Amino acid sequence: LSLTFSPPRFPPIPGPDRSPLTPYRKLNVGFVPPAPRTPRSATPQVSLQTQLEALRKKRDDLDREIRKLDAEGFTVEELEEHIHQLHEYNDIKDVGQMLLGKLAVIRGVTTRELYNEFGLEVDD
């Protein structure tokens, strides 16, 4: 005895402006290729000049912000240390989230219930 599975066959449902698909109908009839791209060399010079001016303005704004932070006593080293501490905090938080998730699965409860049990806020 040999059993084979064949999916059920449903009649095609034609759309309002379509005829039913058959094995004999070509699917790519009437295909219109997309419009060709404009080469980069054809980009107007004015647009490039505008982009350049916007980048210069952004650079000047960032330089002003750096000078302001320097005047307030902040240093690059201090910023790098804060970034390092944030990365470490996020790594520890990710491990905590993973452990809470695994504990919730083991106990068959939601993580929200565990947050309440351990006195944590959902935003923690």
Side-chain angles (χ1 to χ4, degrees):
L1 178 66
S2 173
L3 297 175
T4 59
F5 174 76
S6 61
R9 293 184 180 217
F10 299 103
I13 302 172
D17 59 346
R18 295 184 178 176
S19 60
L21 291 177
T22 66
Y24 307 105
R25 182 173 175 204
K26 293 184 179 181
L27 296 177
N28 62 353
V29 172
F31 174 75
V32 178
R37 289 184 159 197
T38 306
R40 287 185 185 257
S41 61
T43 304
Q45 190 65 24
V46 175
S47 174
L48 292 176
Q49 191 65 30
T50 304
Q51 290 176 3
L52 181 61
E53 289 302 321
L55 288 172
R56 285 182 177 150
K57 182 182 180 322
K58 186 174 182 177
R59 180 198 60 196
D60 293 342
D61 291 344
L62 290 172
D63 285 343
R64 269 192 297 280
E65 191 173 338
I66 289 170
R67 283 192 300 274
K68 180 182 171 190
L69 290 172
D70 281 342
E72 293 174 3
F74 293 102
T75 64
V76 173
E77 293 79 18
E78 184 179 15
L79 177 62
E80 289 174 354
E81 180 60 26
H82 283 289
I83 291 171
H84 173 73
Q85 289 177 354
L86 282 172
H87 283 295
E88 189 172 338
Y89 167 81
N90 285 329
D91 290 342
I92 292 169
K93 183 178 176 183
D94 290 344
V95 169
Q97 293 283 348
M98 184 183 65
L99 290 173
L100 278 173
K102 289 187 180 287
L103 184 59
V105 169
I106 290 170
R107 290 187 180 179
V109 297
T110 65
T111 53
R112 184 177 296 268
E113 292 176 57
L114 290 180
Y115 270 72
N116 291 335
E117 181 179 335
F118 291 108
L120 300 171
E121 296 291 325
V122 176
D123 297 333
D124 286 345

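Throughout, numbering of the chain's residues begins at 1 and tracks the sequence. Keep in mind it's a predicted model, so treat the numbers as computed, not measured. In what follows, every heavy atom counts, from backbone to side chain, and hydrogens, waters and symmetry copies are set aside.
- Taking both residues in full, the closest heavy atoms of Thr110 and Ala104 are given as C-CB, 4.0 Å, listed atom of the first, atom of the second, then distance.
- Between Glu117 and Val109, every side-chain heavy-atom pair lies at or beyond the 4.5 Å cut-off.
- Take Glu53 and apply the salt bridge (Lys or Arg N to Asp or Glu O under 4.0 Å) test, not counting sequence neighbours, and it matches Arg56.
- Here CG of Asn90 is found 11.0 Å from CD of Gln97. Values are rounded to the nearest 0.5 Å.
- Interatomic distance, Leu100 CG to Arg107 CZ, rounded to the nearest 0.5 Å: 9.5 Å.
- A salt bridge links Lys57 with Asp61: the distance from a Lys NZ or Arg NE/NH1/NH2 to an Asp or Glu carboxylate oxygen falls below 4.0 Å.
- Leu120 and Leu99 fall into different hydrophobic clusters, defined by Ile, Leu, Val, Met, Phe, Trp and Tyr side-chain heavy atoms under 4.5 Å apart, directly or through other members.
- Residue pairs that meet the side chain to side chain donor-acceptor pair (under 3.5 Å) test with at least one member in residues 73-84, sequence neighbours left out, are Glu81-Gln85.
- Residues Ile66 and Phe74 are members of separate hydrophobic clusters, defined by side-chain heavy-atom contacts under 4.5 angstrom among Ile, Leu, Val, Met, Phe, Trp and Tyr.
- Distance check, rounded to the nearest 0.5 Å: CD1 of Ile83 to CD of Glu88 gives 14.0 Å.
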